Amino acid sequence: MEFFAQEGGFWLPRRPERVVHGSVAYQEDGITLDLASSLRGPNSLPSGGTGGSPVFAAEPVIHGYLRDGREVTLYQARGLSWPVENVQETWRADFLFNGGLIRANRFVHVQVVFDVLMSWTQPPGIATGEIGHNDVAIDARRVTLDQAALGDKTKVRLCTGVDGRWDHASVHLDQWCALEVTGLARKAKTIMSVLNDWVRPLQDLLVVSLGRPVRIDHLAVRPRGQSARAPLLEVSCQLVQPRIATPARAIDVESYTAPTLLTYRNSPVPFARLIPAWFAFQERFPDVITDLCGPYYAPFIYSGHRYASTFQSAEALAHGLFGAKQKTRWEHRARVDAVAKALAAAELDSDNLDWATKVLQSRNDKPLRELMEELITKTGGIGAQLIRAAPRLASEAATARAGVSHPGAAGPGAIRRYWLGEALVWAVRAHVLAQLGIPMKILSKQVIQMASFKDVLTGLRTGDPSPRAGSAPSYRHANCPVNHRTQAATARCRNR
């Protein structure tokens, strides 16, 4: 989604005859509409004149046309409305649809381009030619590489094509790769539902697969009732995501130091099975994915918050996969009865006996240490390597969680906590992908050979605070708003 600013005329759908000149801009702080006069128009007074007091107003839809001829729709706009002429107004909108005038907030199709999608997919190239020949053939067709169907008959397609510019003297073409989701017309979604139900799950899949932040570069939708041949409406909106960076290359995704676990090309699970399995898993474990991926969308958060989010993801996953209870209901009841009988035989007074019994009845949950140990050890070789590097990893991870959840509680320092969090991330990512049908043996064999995973093992063994360049994100000390990459920087921060 590229930033832009352009002038044009704007009006309300209920008053198309009143067109107000202004300019619309999409920047880092969102969508802003600056108008030269009142959008709603002046209020008539009983005396025959116009006027009144300004009011804070909301308009669900504002239409407009830009100088270059494009039609735009601003959705969910708010601003201070003046009931007189020739007073400048400023409105802010949640969404801007570029390429058409719409009224209903219902969509049946979305096309989304992620900054890592070309590298994750590695589609066939568009240029072909023979060695020694000057002629080059360009395949500019739009091609569907693969597709999948969800349980509600929603279709997900992986597509590639060509975009660019050319004239009589030059040609510039870029290959693109996009994911497209098409739902049933009778189940058309609002734009927020499109983002939450379709776009975000696909973005999360790339985050889990690649172990790195993922940006939305392009977003376009088709309203319900629009012809399939009509151009899509480009969407601009304010999203919390990493800043624009150099697009990931294939070598960045598949290099020795990359934390990549899954790509389209190397997936042992076909796309037609992978996508439905992913959507089903995310529906079953929404908190696991939200907490795991959250720090990748907001890398500016403090290290303590990052660890808390990672640990909550691990805890929720362990609960869901292995159960949160130590014993079955009958085994726990028998254990409580046995202890209660022993206390009664010791002639404990009735008040204390009742209190002890109630406490025992409610204490059948697995301790956090036990949950983490089960989660880590059941990753096969990954867990074995982690435990070898840090024999008390599960206990340390649980202690670190208490330290960030309860201020003042003792726990590992920022450096140690960082490596504990990275260890949990590897374990959770492996379990999540295993739930999609990828054998844990394959994942384990792949992970233990990775340089980024070996960095985590080194950090757990030695506490080395300097990860390999690009292998791990920077973190923030709880009391200093600067990124730190070395122990010396952390020491300077603590001594301020």
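Basis for what follows: all heavy atoms, side chains included, without hydrogens, waters or symmetry-related copies. Note that the structure is predicted; figures quoted are calculated from it, not measured. Note that the numbering runs from 1 along the sequence shown for the chain.
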Charged N to carboxylate O below 4.0 Å: is that the case for Arg92 and Glu59?
-> no

Where do Arg265 and Glu254 land on the salt bridge (charged side-chain N to carboxylate O under 4.0 Å, His left out) test, with the steps shown first?
-> CA-CA 11 Å; Arg265 191 174 68 170; Glu254 294 191 338; 2.9 Å; yes

Are the side chain of Arg224 and the backbone of Lys187 linked by a donor-acceptor contact shorter than 3.5 Å?
-> no

Classify the ring geometry between Phe4 and Tyr26 as parallel (under 30°), tilted (30 to 60°) or perpendicular (over 60°).
-> tilted

No-hydrogen, no-angle side-chain donor-acceptor test under 3.5 Å, Asn105 and Tyr75 = yes

Would the number of heavy atoms belonging to other residues, nucleotides or ligands and lying under 6.0 Å from CD of Gln88 be above 12?
-> no

On the ring face of Phe271, is Arg157 found with NZ or CZ under 6.0 Å from the centre and within 45° of the axis?
-> no

Is it the case that Thr190 and Ser193 place a side-chain donor and acceptor less than 3.5 Å from each other?
-> yes

Go through the side-chain N and O atoms of Ser23 and Glu7 and say whether any donor and acceptor fall under 3.5 Å apart.
-> no

Atom CD in Gln76, atom CG in Leu96: separation rounded to 0.5 Å?
-> 13.0 Å

Centroid-to-centroid, Phe322 to His431, below 6.0 Å?
-> yes

Can you say whether the rings of Phe453 and Trp426 are parallel (under 30°), tilted (30 to 60°) or perpendicular (over 60°)?
-> perpendicular

Any side-chain heavy-atom pair of Leu195 and Arg200 under 4.5 Å | no

So, Tyr297 and Asp204: side-chain donor and acceptor under 3.5 Å apart, yes or no?
-> yes

Under a 4.0 Å N-O cut-off, is there an ion pair linking Asp94 with Arg78?
-> yes

Plane angle bin for His305 and Tyr302 - parallel if under 30°, tilted between 30 and 60°, otherwise perpendicular = perpendicular

Decide whether Ser452 and Asp455 meet the rule of one side-chain donor and one side-chain acceptor closer than 3.5 Å.
-> no

Euclidean distance, Ile31 CD1 relative to Trp91 CH2, rounded to 0.5 Å = 14.5 Å

Give, for atom CZ of Phe107 and atom CG of Leu232, the distance between the pair rounded to the nearest 0.5 Å.
-> 11.0 Å

Does any donor atom in the side chain of Gln238 or Asp29 lie under 3.5 Å from an acceptor atom in the other side chain?
-> no

Phe279 six-ring face occupied by Arg284 cation (under 6.0 Å, within 45°) | no

Please lay out, stage by stage, how Lys189 and Trp198 fare under the test side chain to side chain contact (heavy atoms under 4.5 Å, CB included).
-> CA-CA 10 Å; Lys189 293 180 176 291; Trp198 290 347; 3.3 Å; yes

Under the salt bridge (charged side-chain N to carboxylate O under 4.0 Å, His left out) test, which residues partner Glu28, sequence neighbours left out?
-> Arg243

For the residue pair His63 and Trp11, does the interplanar ring angle fall in the parallel (under 30°), tilted (30 to 60°) or perpendicular (over 60°) class?
-> perpendicular

Using the side-chain hydrogen bond (donor to acceptor under 3.5 Å, both in side chains) rule, take Thr160 and Gln175 through it: C-alpha gap first, then chi angles, then the decisive distance, then the call.
-> CA-CA 7 Å; Thr160 187; Gln175 186 178 14; 3.1 Å; yes

Will you find, in the side chains of Arg417 and Ser303, an N or O donor that is under 3.5 Å from an N or O acceptor?
-> yes

Check step by step if side chain to side chain contact (heavy atoms under 4.5 Å, CB included) holds for Arg70 and Tyr65.
-> CA-CA 6 Å; Arg70 289 179 296 171; Tyr65 63 85; over 6 Å; no

Do Asp197 and Val194 come within less than 4.5 Å of each other through their side chains, counting heavy atoms only?
-> no

